[in-house]
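Numbers for residues simply follow the sequence, beginning at 1. The figures that follow rest on heavy atoms only: side chains count, while hydrogens, waters and symmetry mates do not.
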Amino acid sequence: MAAGNHHPDRAEIGVIGGSGLYALLDDSHDVTVSTPYGAPSDPAVIGTLGDRSVAFIPRHGRDHRHPPHRINYRANLWALRALGVRQVLAPCAVGSLRAELGPGTFVIPDQLVDRTTGRAQTFFDEGACHIPFADPYCPVGRATAIGAAIRLGVRPVDGGAMVVVEGPRFSTRAESRWFAAQGWSLVNMTGHPEAVLAREMALCYTCIALVTDLDAGIGEGSGVTQDEVFELFAQHVDMLRDIVLSAAAALPLERSCPCPSALDGLQPAFTLPE
């Protein structure tokens, strides 16, 4: 799809994140997408950002009704690809496993560790399809997000491993200390299977993480609370939104990264939506 020549119900760039972003898109409207996996978290909001078209899906729903372990990740990624999206930005809130990464820090992680249980985490329900996932995030998307943050006066942390837990509870102190002892930097509840499903759709996927708290085994006091996380996120959501929008506008028109060839040599028992 050429920039500036958009079908109203198609998009080049996808954003999966919290509510509020769609209000900044010009001429935005809802588009309902049916998928083989049921309904996405909410209808996609499609709008324009300069000469780029963007589709936004709030992963928890607009009213935050979907807890992390009940999000229909497969439907969300299928819907974005069906709308024409090939590059995805994924802002999220995270806990910090390192004292130097305090609340308000922005991190562009480069690695992911899965500690979830029971989630549908693949489209490959039939056949022997083993997708490469050594580097879970798009290298071009990561560089673009870092550059976007720097242009806005924010120096994000480049790299770090994000461990994704099942939730919806927060970690015990022992779990938090164990995660930190492995050398991991961040803890989150939604980054998996979102990232691997994007790879199975041959999409570029970039995580933009905002630290909202020090995890229970790192900080002092009573541990992490929901109110604390929501309050910190609200304080920094404008900057997070600006970074996402700046990165979306700067993503390259043509993909030169390895992501488009993720399915080369594989024979999945489905046809990718176009």
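Under the 3.5 Å distance criterion, the side-chain polar atoms of Arg52 are matched with a main-chain donor or acceptor of Leu251. Not a single donor-acceptor pair under 3.5 Å links the side chain of Glu126 to the backbone N or O of Ala269. With hydrogens and angles disregarded, a donor-acceptor distance shorter than 3.5 Å links the side chain of Asn72 to the backbone of Ala39. With Asp27 contributing its side chain and Gly47 its backbone, the two residues share no donor-acceptor pair below 3.5 Å. A donor-acceptor contact shorter than 3.5 Å links the side chain of Ser53 to the backbone of Glu12. Side-chain atoms of Gln111 do not come within 3.5 Å of backbone N or O of Tyr137 as any donor-acceptor pair. Counting only distance, with no hydrogens or angles, the side chain of Glu200 and the backbone of Val196 share no donor-acceptor pair below 3.5 Å. His60 places a side-chain N or O within 3.5 Å of a backbone atom of His66 that can act as its donor or acceptor partner. No donor-acceptor pair under 3.5 Å is formed between the side chain of Arg98 and the backbone N or O of Ser185.
Under the 4.5 Å side-chain heavy-atom criterion for Ile, Leu, Val, Met, Phe, Trp and Tyr, Val165 and Leu112 are members of distinct hydrophobic clusters. Val163 and Val211 fall into different hydrophobic clusters, where Ile, Leu, Val, Met, Phe, Trp and Tyr side chains are chained together by heavy-atom contacts under 4.5 Å. Transitive grouping of hydrophobic side chains (ILVMFWY, heavy atoms separated by less than 4.5 Å) brings Val85 and Tyr205 into a common cluster. Note: the hydrophobic cluster containing Val107 also contains Val88 (ILVMFWY, side chain heavy atoms under 4.5 Å, direct or indirect links). Clustering ILVMFWY residues whenever any of their side-chain heavy atoms sit less than 4.5 angstrom apart, transitively, puts Leu89 in the very cluster that holds Phe56.
Shown here for Ala145 and Ile243, the closest heavy-atom pair between the two residues is O-CG2, 4.3 Å. Of all non-hydrogen atoms in Pro68 and Tyr73, the two that sit nearest each other are O-OH, 2.8 Å. Between Pro91 and Val15, the closest heavy-atom pair is CD-CG1, 4.0 Å. Contact between Ala262 and Ile131 at its shortest, heavy atoms only, is O-CG1, 3.8 Å. Cys257 and Cys138 get closest at one heavy-atom pair: SG-SG, 3.7 Å. In terms of heavy-atom proximity, Ile108 sits nearest to Cys207 at CG2-O, 3.7 Å.
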Exercise for the section: Run the numbers on Cys92 and Arg59 for side-chain contact (heavy atoms from CB on, under 4.5 Å), then give the verdict. Expected result: CA-CA 10 Å; Cys92 64; Arg59 65 168 64 87; 4.0 Å; yes
Exercise for the section: Start with the C-alpha distance between His29 and Val45, add both sets of side-chain angles, then the distance that settles side-chain contact (heavy atoms from CB on, under 4.5 Å), and finish with yes or no. Expected result: CA-CA 5 Å; His29 62 284; Val45 178; over 6 Å; no
Exercise for the section: In sequence, state the C-alpha distance, the side-chain angles, and the governing distance for Thr144 and Thr206, and then conclude on side-chain contact (heavy atoms from CB on, under 4.5 Å). Expected result: CA-CA 9 Å; Thr144 302; Thr206 304; over 6 Å; no
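Residue Thr105 holds its OG1 atom at 9.5 Å from CG of Leu186, rounded to the nearest 0.5 Å. The line from OG1 of Thr172 to CG of Asp215 is 9.0 Å long, rounded to the nearest 0.5 Å. For the atom pair CZ of Arg115 and CG of Asn188, the computed distance is 15.0 Å after rounding to the nearest 0.5 Å. In this structure, Thr116 OG1 and Gln121 CD are separated by 5.5 Å, a value rounded to the nearest 0.5 Å. Leu240 contributes atom CG, which lies 5.5 Å from atom CZ of Phe106 (distance to the nearest 0.5 angstrom). Interatomic distance, Asn76 CG to Ser41 OG, rounded to the nearest 0.5 Å: 3.5 Å.
Considering only heavy atoms from C-beta on, Pro136 stays 4.5 Å or farther from Pro109 through its side chain. Under the 4.5 Å side-chain criterion, counting only non-hydrogen atoms from C-beta, Pro156 is in contact with Ile150. Using a 4.5 Å heavy-atom threshold, the side chains of Ser171 and Phe179 count as touching. Side-chain contact between Ile16 and Leu77 is present, with at least one heavy-atom pair separated by less than 4.5 Å. Counting heavy atoms from C-beta outward, Ile13 and Leu49 have side chains that stay 4.5 Å or more apart. Contact check for Trp78 versus Met201: side-chain heavy atoms found under the 4.5 Å cut-off. Looking at heavy atoms from C-beta onward, Ser176 lies in side-chain contact with Leu97 at the 4.5 angstrom threshold. Two residues are said to be in side-chain contact when any heavy atoms from C-beta on lie closer than 4.5 Å; Gln87 and Cys259 fail this criterion.
Remark: Asp125 engages Arg74 in a salt bridge, criterion side-chain N to carboxylate O under 4.0 Å. Taking the charged nitrogens against the carboxylate oxygens, Asp135 and Arg142 have no contact shorter than 4.0 Å, which rules out a salt bridge.
At most 12 heavy atoms of other shown residues, nucleotides or ligands fall within 6.0 angstrom of atom CZ in Arg70.
Residue pairs meeting the side-chain hydrogen bond (donor to acceptor under 3.5 Å, both in side chains) criterion with at least one member in residues 256-274, sequence neighbours excluded, are Arg81-Glu274, Arg86-Glu274.
Considering His69, Glu166, His192 as possible partners of Arg119, the one that fulfils the side chain to side chain donor-acceptor pair (under 3.5 Å) test is Glu166.
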